[in-house]
Protein chains: 2
Amino acid sequence: MPKRLTLKQVAEVLQVSTATVSNAFNRPDQLSANLRESILKRCRELGYHGPSLAARSLRRGESNVIAVMLADSLSYNFSDPVANQFLQGVADILEVHNKQLLLLSSDADSLQQSSAESLPDGIIFYGTPHKEIFERILATGKPAIAVDFEQDRLASVNVDNFSAARQAAEHLFSQGIRHIAVMGLRLVESRRVCRLVEADLHAPSTEISSRRLQGYLAAAEAAGVSLSAEQIWHIPLNKEEVARQAIREALTSQPRPQALLCMSDVIALCAEQQARELGICVPDELKIVGFDDIPQASQAAVPLTTVCQQSREKGRLAAKRLLDGDLSGELLLETRLVVRGSSVQAGSSATSQSIS
Amino acid sequence: MPKRLTLKQVAEVLQVSTATVSNAFNRPDQLSANLRESILKRCRELGYHGPSLAARSLRRGESNVIAVMLADSLSYNFSDPVANQFLQGVADILEVHNKQLLLLSSDADSLQQSSAESLPDGIIFYGTPHKEIFERILATGKPAIAVDFEQDRLASVNVDNFSAARQAAEHLFSQGIRHIAVMGLRLVESRRVCRLVEADLHAPSTEISSRRLQGYLAAAEAAGVSLSAEQIWHIPLNKEEVARQAIREALTSQPRPQALLCMSDVIALCAEQQARELGICVPDELKIVGFDDIPQASQAAVPLTTVCQQSREKGRLAAKRLLDGDLSGELLLETRLVVRGSSVQAGSSATSQSIS
DNA sequence: TTGAAAGCGATACCAA
DNA sequence: TTGGTATCGCTTTCAA
């Protein structure tokens, strides 16, 4: 097996100095076009395809790699449609800028050990990372940006979760609905599905889910609708398998809620499916409102009314700001309620209207 | 902004040699537990969180990073449910082994330039990569494994696409269906939706889509069903927006096919939705069979009959083989036809049966 | 336009 | 158990 060639060896074979070969790759202006061409050509023949990333970034202090630091595990993020949209947006921009993508999880032990965060030239935090790792990275002084959480020491890209959620709830209350259940995502620390207790309502955090809950509550209060802790479920993971249990509980509780306010589309779509299995007709007997506007939301049998939070655009903006060095202040993306399926019939195509 | 500390500086402050600090991080057995503890503690206080990845991998010749080389663009892969499942599987294993994940696209210009492939300790090729990059990486002699394509110089993880597709088609023909349309994925080079022509049928490649097509054709022949080029659509990308056009064409052609054989679940689910919009009742008036068994397949309004190809497990196995150095031969995963919705009624829960 | 040489930060050998 | 030191592959300044 031919051990990878080094620039030095190549230089030797070509009878030029290492500097010249290096320049051929990195600084075309430092040598004649002719020479450069011939060097690159011979390199290709020899099987030398460019400088080693490790050595180059050691020397230059930059790597051309951007990291996304995920709050949860990698595999969880690959399974989550919202995260996927976000990563699509990030990838859109990185591809244009010729940057490579390193996926890191603040959840993983590996980070404690390998300090892989030292490689990338910049870091996008997606969701609230573990404190220790967060501090560690901030201390490096590398460019970084926060997405979906707030951090006074960092620029951020975010949406107004409070207003978005309030709007979603208002949509229901304005239809005269008085009895709802909230399918909440990660509202408390527990790893199992459960309902909230009164105290949970008075411990608002800055986490997006807490914001959304506050938005729901505000809308309820404004509409004079009572919404108590026992009508609010905690779902620890944005996964169908997990959501199902909470939804079953809610849909079989007496009296059955007229509507489900779901903190994600994954939950909402699962609710739709569960309702179908239980023989509950959506939207006649049960209204469902989601959050996120993932692609599947519009394709569902009963197209989902939800809050569009432009996840892909969020990824684009975060990556753009990071690469442009535009690292101050908070950027709030617009959200809008997408009302769907208000007049769907078999044979007619779905309608959807936006309310902004 | 405090520039990142180096191991050397730390050693100086702590009044020990660099070797000792290095050992504290990498070789606990090389120094007393006491000393090690105190060094690590002081490092934390100083804000030194471990050796730089670039320097360490330059020196050690390994980086703790594994790359997945995607045949298509990053953002496309994030949007594809099958790719997401695969990446979940890869991530499952990498997390256990404390490896970081670098996502590379053989599509991107950036690779030509940055030779980012030099960093990772091993590479998983997902789908047929561009030839040039493929050769380049093989030449490095790094551990690598091929997924979803065949390559005599590389170990691989794959499924038997021919048999799987044949089985899917047989399922239809055994129900007496004689007139079908094939919604094919990437069957020819064109970037637009089109039907095949006769010549395309006689140019079988080793690409998975070609294999699947051959499987369909074999089943048709065995069943005495005619399946000609004009009944076969080419869809260039596994995206709903793209598939829609082909599906519309197929569903509005006269006579309308009794069944759609779809080369992916994304296409099949899109077909289901289109049928709904056109007022065609699935499965009474139109049968649909997919391929992949993505999570949404079982959640659809009409649960989808499809071929399960264990994408996540594929990712797991590929990563496992790579990390275990088990790099010879081809590993074929089992596929199985998952028949769903054969007796679904509103109010009753879905049934599904496996035929292996 | 080219070449010589210093050094990026860490590791691992060998000696003490 | 610890310390000195050559070296990993490359970039870049400076001098020729």
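Only heavy atoms go into these numbers, but all of them, side chains included; no hydrogens, no water, no symmetry mates. A note on names: the letters A, B, ... follow the listed sequences, proteins ahead of strands, and every chain is numbered from 1.
Following rounding to the nearest Å, B:Glu12 (CD) and C:dG9 (C1') show an atom-to-atom distance of 14 Å. The CD-P distance, from A:Glu62 to C:dC8, rounds to 17 Å in whole Å. Rounded to an integer number of Å, the gap from B:Leu58 CG to D:dA6 P is 17 Å. Between A:His49 atom NE2 and D:dC10 atom P there is a gap of 13 Å when expressed in whole angstrom units.
No more than 12 heavy-atom neighbours from other residues, nucleotides or ligands sit within 6.0 angstrom of CD on A:Glu12. Atom CD of A:Glu45 has more than 12 heavy atoms from other residues, nucleotides or ligands within 6.0 Å.
Residue A:Ser17 places none of its side-chain N or O atoms closer than 4.0 Å to OP1 or OP2 of C:dT2.
Contacts of A:Leu31 with the nucleic acid, taken as non-hydrogen atoms under 4.0 Å apart, involve only primed sugar atoms and P, OP1 or OP2.
In this structure, B:Lys142 does not pair ionically with B:Glu62, as no charged nitrogen and carboxylate oxygen lie closer than 4.0 Å. Salt bridge absent: B:Glu37 and B:Lys41 never bring a charged side-chain N and a carboxylate O closer than 4.0 Å.
Side-chain atoms of B:Tyr48 and B:Val13, non-hydrogen and from C-beta on, never get closer than 4.5 Å to each other.
With 3.5 Å as the limit, one finds no donor-acceptor pair spanning the side chains of B:Asn64 and B:Arg56.
The B:Val16 side chain lies nearest to D:dG3 when the options are C:dT2, D:dG3, C:dC8.
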Could you encode protein contacts along nucleotides 10-16 of chain C as a string, one character per nucleotide from 5' to 3', using B for base contact, S for sugar-phosphate-only contact and - for no contact, with a heavy-atom cut-off of under 4.0 Å?
BBB----
